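In what follows, a single structure is set out as structure tokens and then discussed.
Please read all numbers here as calculations on a predicted model, not as lab measurements. Throughout, protein chains are lettered first and strands after them, A, B, ... in sequence-line order, and every chain is numbered starting at 1.
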There are 2 protein chains.
Amino acid sequence: MNRKAPVKRARAKQKRLSADDRRSEFVIKATELFAEEGFGGGTRALARKLGVTQPLLYRYFPSKDDLIKEVYRKVYLEPLEIGWEKVLADRSRPLRIRLQEFYEVYTDAIFNRKWLRIYLYSGLKGLDINRWYVGMVKDKILTRILRECRHDAGLAMQSRPSAAELELAWVFHGGIFYYGVRKYIYEAPVLEDKARMISDALDIFLAGFERMAESATDRRRAPIKIVG
Amino acid sequence: MNRKAPVKRARAKQKRLSADDRRSEFVIKATELFAEEGFGGGTRALARKLGVTQPLLYRYFPSKDDLIKEVYRKVYLEPLEIGWEKVLADRSRPLRIRLQEFYEVYTDAIFNRKWLRIYLYSGLKGLDINRWYVGMVKDKILTRILRECRHDAGLAMQSRPSAAELELAWVFHGGIFYYGVRKYIYEAPVLEDKARMISDALDIFLAGFERMAESATDRRRAPIKIVG
DNA sequence: ATCTCTGGTGATCGATCGATAAACTGCGCC
DNA sequence: GGCGCAGTTTATCGATCGATCACCAGAGAT
């Protein structure tokens with residue numbers, strides 16, 4: 001056998017990229033792959049998506065875990081790039097409008113198959129970054145929303161929201177989040193008008209907050225008991 | 001080499017079980033394993049949990065996939081065994097009480113690490129059984145709740161709830177569901193009093209439903225589009 | 001034209017995966 | 001008390017996984 005034949009390489013395309021480009025291409029395609037297959041997705045499948053061979057991955061990342069960490073970083077930090085802090089805090093505009101705009105922008109950022117699946121997969125792994133993100137939502141979004149609500153209702157300011165208030169905000173926030181899960185994870189039919197969904201959810205949240213604020217001032221809430 | 005030495009077996013315990021017992025033990029332990037590791041969890045790790053060897057699995061299940069299917073069946077069908085249909089429909093009791101009791105019982109059934117994790121893992125796989133469950137929640141729970149709400153508010157009965165109403169119910173339901181996810185998946189601190197959380201969520205849902213019902217009587221809403 | 005640096009490949013290793021076949025062992029039955 | 005079957009193990013296969021190594025090739029500098 002002539003093993004020395006200079007096999008004229010019929011490679012589809014010799015894709016010679018700069019190190020930075022190749023590296024970020026790895027992260028992008030890895031995000032897509034892991035979003036679909038979970039983090040158990042293979043490095044060979046990933047290389048195939050790039051049109052390169054598998055060992056090349058290890059020129060850019062010491063291990064698969066390091067690649068995964070980069071995927072986390074990118075996914076979790078992406079939605080934070082929108083400056084929604086100011087949207088919520090800008091008291092020159094009506095609270096209702098601010099909340100509506102914030103949730104429209106926020107859900108625009110995270111309601112897509114890729115983000116939601118990576119988020120759920122990493123949540124199931126119980127990673128620190130996931131806990132950090134949940135804490136961030138609590139501190140930077142829900143606490144801020146509650147502060148604005150209290151201000152809007154003319155209530156006394158307090159450094160930290162009560163546990164019940166916070167839970168109210170979480171249930172509201174979670175309800176909206178679950179809309180994205182139903183649409184992009186379960187692929188179930190949903191009310192197509194997302195803005196309308198947010199608007200309706202806001203209606204009942206704000207009404208509920210006012211009710212709770214009122215009842216908290218005059219009478220103590222009677223505990224609910226269920227017998228049966 | 002004396003390869004025929006009758007090695008007196010020092011097995012910890014010869015656990016000789018009946019076929020039925022062994023089989024259900026496989027399903028139980030597989031549920032625990034897959035809940036923690038995902039369905040990528042290995043058959044050897046599963047066997048180790050049972051204190052048996054790995055090939056034994058294949059005496060009871062043709063393949064790992066068949067075992068997984070049994071896990072699905074068990075997990076998805078378990079919460080259905082409570083007869084919550086009657087709890088919701090029993091009009092001799094106040095609606096508010098019925099809803100409170102239903103959600104307390106329902107969440108007692110599904111708010112645990114095992115159930116929620118299996119549910120999320122299988123949801124990410126996009127299986128038919130998951131779609132079936134979501135459809136079941138819609139038809140058997142949310143639609144029924146809305147029907148009872150309409151009846152309670154003295155509104156005209158309609159065979160199927162409007163898309164906006166359904167979405168309202170979904171956001172409410174999802175908000176409660178997300179409480180379980182936060183507690184058992186993210187292991188984040190939550191308001192410990194689950195009944196109180198349900199009660200508060202119900203307050204704002206019912207108030208929101210009434211508001212929507214009122215506004216629907218005087219002015220017409222724009223038509224809503226549903227997309228699969 | 002050649003040297004060199006670096007992006008990229010081919011071959012392969014050890015571990016682990018799901019699955020199979022054959023041997024063994026303990027319990028119930030006659 | 002020995003037979004037989006059902007429950008279990010030992011050994012092993014082929015595929016696939018992440019990772020490593022030596023080598024190749026193409027673009028820019030000289």
Original post:
Can you tell me if Lys138(A) and Thr143(A) form a side-chain donor-acceptor pair at under 3.5 Å?
Top reply: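 Their side chains do not contain a donor-acceptor pair, so the 3.5 Å distance test is not met.
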**OP:** Check the angle between the aromatic planes of Tyr60(A) and Phe26(A) and answer parallel, tilted or perpendicular using the 30° and 60° thresholds.
**Re:**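 Aromatic pair Tyr60(A)/Phe26(A) classed tilted.
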Original post:
Can you say whether the rings of Phe111(A) and Tyr184(A) are parallel (under 30°), tilted (30 to 60°) or perpendicular (over 60°)?
Top reply: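 Geometry flag for Tyr184(A) against Phe111(A): tilted rings.
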Rounded to the Å, how far apart are [X] [atom1] and [N] [atom2]?
X	N	atom1	atom2	value
Arg16(A)	dC24(D)	CZ	P	15 Å
Lys64(B)	dA15(D)	NZ	P	19 Å
Arg48(A)	dG18(D)	CZ	P	11 Å
Phe26(B)	dA19(C)	CZ	P	13 Å
Arg22(B)	dG7(D)	CZ	P	10 Å
Leu57(A)	dT20(D)	CG	P	11 Å
Leu46(A)	dG8(C)	CG	P	14 Å
Leu50(A)	dG7(C)	CG	P	15 Å

Subject >> Close aromatic pair by centroid cut-off 6.0 Å: Trp115(B) and Tyr133(B) >> reply: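 Distance test on ring centres: under 6.0 Å, yes.
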Original post:
How about Tyr186(B) and Trp132(A): are their ring centroids closer than 6.0 Å?
Top reply: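 For Tyr186(B) and Trp132(A), the ring centres are not under 6.0 Å apart.
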Without placing hydrogens or testing angles, list every side-chain donor-acceptor pair under 3.5 Å for residues 165-178 of chain A, not counting sequence neighbours.
| from | atom 1 | to | atom 2 | distance (Å) |
| --- | --- | --- | --- | --- |
| Glu165(A) | OE1 | Ser162(A) | N | 3.4 |
| Glu165(A) | OE2 | Arg150(A) | NH1 | 2.4 |
| Glu167(A) | OE1 | Arg182(B) | NH2 | 3.0 |
| Glu167(A) | OE1 | Leu191(B) | N | 3.0 |
| Glu167(A) | OE2 | Arg182(B) | NH1 | 3.2 |
| Glu167(A) | OE2 | Arg182(B) | NH2 | 2.7 |
| His173(A) | ND1 | Tyr103(A) | OH | 2.7 |

**OP:** Answer with base, sugar-phosphate or nothing: what part of the nucleic acid does Tyr60(B) contact at a heavy-atom distance below 4.0 Å?
**Re:**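 Since only primed, P, OP1 and OP2 atoms lie under 4.0 Å of Tyr60(B), the category is sugar-phosphate.
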Original post:
Between CZ of Arg98(A) and CZ of Arg93(A), what distance do you get to the nearest 0.5 Å?
Top reply: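 If we round to the nearest 0.5 Å, Arg98(A):CZ and Arg93(A):CZ are 8.5 Å apart.
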**OP:** Test side chain to side chain donor-acceptor pair (under 3.5 Å) on Tyr72(B) and Asn130(B) and set out the steps.
**Re:** CA-CA 9 Å; Tyr72(B) 288 146; Asn130(B) 191 79; over 6 Å; no
What N/O pairs connect the protein and nucleotides 20-22 of chain C at under 3.5 Å? Give each pair on its own line.
none

**OP:** Counting heavy atoms from C-beta on, name the nucleotide in dT8(D), dG7(C), dC17(D) closest to the side chain of Leu17(B).
**Re:**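 Output: dT8(D).
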**OP:** Could you work out which one of dA19(D), dA19(C), dG8(C) sits closest to the side chain of Ser63(A)?
**Re:**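 My answer, after comparing the listed nucleotides, is dA19(D).
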**OP:** With a 4.0 Å heavy-atom cut-off, tell me which residues in residues 27-43 of chain A come close to DNA chain D, sorted by residue number.
**Re:**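 Only Gly41(A), Gly42(A), Thr43(A) qualify.
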Original post:
If each of Asp20(B) and Arg44(B) is mapped to the nucleotide of DNA chain D with the nearest heavy atom, which maps nearer the 5' terminus, i.e. the 5' end?
Top reply: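 Closer to the 5' end of DNA chain D: Asp20(B).
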Original post:
Do the charged groups of Lys69(A) and Asp65(A) touch, with an N to O distance under 4.0 Å?
Top reply: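 Looking at Asp65(A) together with Lys69(A), the answer is no, because their closest N to O distance does not fall below 4.0 Å.
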